[in-house]
There are 2 protein chains.
Amino acid sequence: MMPPSPLQKTRAGSAAPAAAAAPERRQPAAAPAVEQVDTGYLETLIGYNARRAALAVIERFMARMAAFELKPVDFSVLSLITHNPGITSRQLCNALGILPPNLVGMINALERRKLIARQPHPRDGRAVGLHLTGTGRKLMRDAERTAMEVETEATRALSAAERQTLIRLLKKIYL
Amino acid sequence: MMPPSPLQKTRAGSAAPAAAAAPERRQPAAAPAVEQVDTGYLETLIGYNARRAALAVIERFMARMAAFELKPVDFSVLSLITHNPGITSRQLCNALGILPPNLVGMINALERRKLIARQPHPRDGRAVGLHLTGTGRKLMRDAERTAMEVETEATRALSAAERQTLIRLLKKIYL
DNA sequence: TATTGTTATACTCTATAACTATA
DNA sequence: TATAGTTATAGAGTATAACAATA
């Protein structure tokens, strides 16, 4: 997806030593060169850190879910259908922040793969209820187990308590 | 950017009560309707929470930075140049996970706005050092102050200690 | 009149191949 | 030969307008 890059840290405020190999010569007032990139300032920002962390986890998630031919958004859609049988397209859009025109293709593709089936909505003739097929249920059992494995791998550096804390604090940001 | 949607919570595992208004009638084996979308399962996943949180903060960030005509990536680029005068395009790409072809247009646009200037690299004839202009420095003083205000707004629900903890845990995920 | 699902379409973001000039 | 910067271009993701069917 994106080369995450080591992001080596230096403490902020340093003016970058120009030439490490020639310490004796007085340099003219030339443009300095950067030896080690200082990302200290950006790393103080919640948005920067949250995005980097999300990308790191999602990259790992994508690698593992490729076996099921599921992108993160496909997994999210199937997961919501799994736990909300009969959910409508509109409800999916609202829950996931997807615009209706962009969901149509995903739903059609999942239906072509026989993972989901459309059924008439019991009380609203405009809406269509979405349901997993047997094949879909089987796939999602495996996919959700894999998702849990990804969780374990991605949060390997965290204790169980830290993992709980992280999720609690993230929810306080976006809820 | 994206309607974040309230994301009302219900506890997981419920099979969705079909008709709230007609409790007496025995319903035929029809497709159920979903009254309240249950996102409980997705909310147990770090990737989901990190992405939602990142989008929430970035949305707020974009709204405030529009006054400076800076998108998040522009701010990141200018901020790295600010704290690393003489940084090269390649170093920017590595630090931010941007592919070189996609950085060219951004750099050109910032140069056209007289916010940055290219200077020859002191030791590598292929590379170009990037520097802020006076205008760029002035803009970034205001922009970084605004970024700090966004931090305060976005983490309003967190204590200072929680904010520190959140950043520390996020770094453990992606570093 | 408002809403669900849909089509068409545009815009942005991200990714790959290939070129040039310098090392 | 390898790397920095660049061009062109393809693909994925996200956005708005407008329509038919139903409420």
Side-chain angles (χ1 to χ4, degrees), chain A residues 1-5 21 31 33-35 37 51 54-55 58-59 62 65-66 69-77 81 86-112 116-130, chain B residues 1-5 21 31 33-34 37 51 54-55 58-59 62 66 69-77 81 86-112 116-130:
Chain A
M1 165 106 300
M2 174 182 287
S5 81
V34 174
E35 304 300 331
V37 175
R51 179 157 189 277
L55 287 176
I58 289 168
E59 180 180 33
M62 286 174 63
M65 286 296 164
E69 294 180 81
L70 293 180
K71 284 174 293 187
V73 65
D74 298 316
F75 177 85
S76 299
V77 165
I81 298 175
I87 192 173
T88 68
S89 292
R90 177 65 51 160
Q91 288 174 312
L92 280 175
C93 286
N94 289 340
L96 295 175
I98 301 170
L99 292 171
N102 300 330
L103 185 67
V104 174
M106 305 177 205
I107 295 293
N108 286 340
L110 294 174
E111 191 183 33
R112 271 195 301 273
I116 63 173
R118 289 171 158 93
Q119 285 184 240
H121 191 283
R123 295 191 315 281
D124 189 335
R126 298 167 302 179
V128 180
L130 300 173
Chain B
M1 168 102 304
M2 174 183 286
S5 80
V34 174
V37 175
R51 178 155 190 276
L55 287 177
I58 290 169
E59 180 179 33
M62 285 175 65
E69 294 180 80
L70 293 180
K71 284 173 292 187
V73 64
D74 298 315
F75 177 86
S76 298
V77 166
I81 298 175
I87 192 173
T88 68
S89 291
R90 178 64 51 162
Q91 289 175 312
L92 280 174
C93 286
N94 288 340
L96 295 175
I98 301 170
L99 292 171
N102 300 330
L103 185 66
V104 174
M106 305 177 205
I107 295 292
N108 286 340
L110 295 174
E111 192 182 33
R112 271 194 301 273
I116 64 172
R118 287 171 158 95
Q119 283 184 241
H121 190 282
R123 296 190 317 281
D124 189 335
R126 298 166 302 180
V128 180
L130 300 173

**Student:** Residues two or more places apart in sequence or in another chain: which of them pass side chain to side chain contact (heavy atoms under 4.5 Å, CB included) with Q119(B)?
**Tutor:** A31(A), H131(B)
**Student:** Examine dG13(D): is either OP1 or OP2 under 4.0 Å from a nitrogen or oxygen in the side chain of K71(A)? Give yes or no.
**Tutor:** yes
**Student:** Please name all residues satisfying side-chain hydrogen bond (donor to acceptor under 3.5 Å, both in side chains) with D124(B), sequence neighbours left out, ordered by chain then number.
**Tutor:** R126(B)
**Student:** Using side-chain contact (heavy atoms from CB on, under 4.5 Å), reason through V37(A) and I87(B) one step at a time and then give a plain yes or no.
**Tutor:** CA-CA 8 Å; V37(A) 175; I87(B) 192 173; 4.0 Å; yes
**Student:** Expressed as a whole number of angstroms, how long is the span from Q91(B):CD to dA4(D):P?
**Tutor:**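 It works out to 9 Å between those atoms.
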**Student:** Out of dT4(C), dT14(C), dT16(C), which nucleotide sits closest to the side chain of A127(A)?
**Tutor:** dT4(C)
**Student:** From CD of E111(B) over to P of dG5(D), roughly how many Å is that when rounded to an integer?
**Tutor:** 13 Å
**Student:** Can you tell me how far P of dT3(C) sits from CG of L92(A), to the nearest Å?
**Tutor:** 19 Å
**Student:** Side chain of V128(B) only, heavy atoms from C-beta on: which candidate in dG5(D), dT6(D), dT7(C) is closest?
**Tutor:** dG5(D)
**Student:** Pull out every protein N or O sitting under 3.5 Å from an N or O of nucleotides 20-23 of chain D, one pair per line with the distance.
**Tutor:**
from    : atom 1 : to      : atom 2 : distance (Å)
dA23(D) : OP1    : G125(A) : N      : 2.8

**Student:** Without decimals, in angstroms, what is the distance between L99(B) CG and dT6(D) P?
**Tutor:** 15 Å
**Student:** Under 4.0 Å from OP1 or OP2 of dT6(C): is there any side-chain N or O of R118(A) that close?
**Tutor:**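 The answer is yes; a side-chain N or O of R118(A) sits under 4.0 Å from OP1 or OP2.
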**Student:** Can you tell me how far C1' of dT4(C) sits from CD1 of I107(A), to the nearest Å?
**Tutor:**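 Rounded to whole Å, this separation is 13 Å.
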**Student:** Please tabulate, for the side chains in residues 103-110 of chain A, all donor-acceptor contacts under 3.5 angstrom to protein atoms that are two or more places apart in sequence or on a different chain.
**Tutor:**
from    : atom 1 : to      : atom 2 : distance (Å)
N108(A) : OD1    : R118(A) : NH1    : 3.4
N108(A) : OD1    : R118(A) : NH2    : 3.1
N108(A) : ND2    : V104(A) : O      : 3.4

**Student:** Which whole-number value in Å describes the distance from R90(B) CZ to dA21(C) P?
**Tutor:** 18 Å
**Student:** Rounded to whole angstrom units, what separation is found between the CE atom of M106(B) and the P atom of dG5(D)?
**Tutor:** 14 Å
**Student:** Please report, rounded to the nearest Å, how far the P atom of dC13(C) is from the CG atom of N102(A).
**Tutor:** 15 Å
**Student:** Quick one: side chain to side chain contact (heavy atoms under 4.5 Å, CB included) partners of P100(A), sequence neighbours excluded?
**Tutor:**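 Result, side chain to side chain contact (heavy atoms under 4.5 Å, CB included) vs P100(A): R90(A), C93(A).
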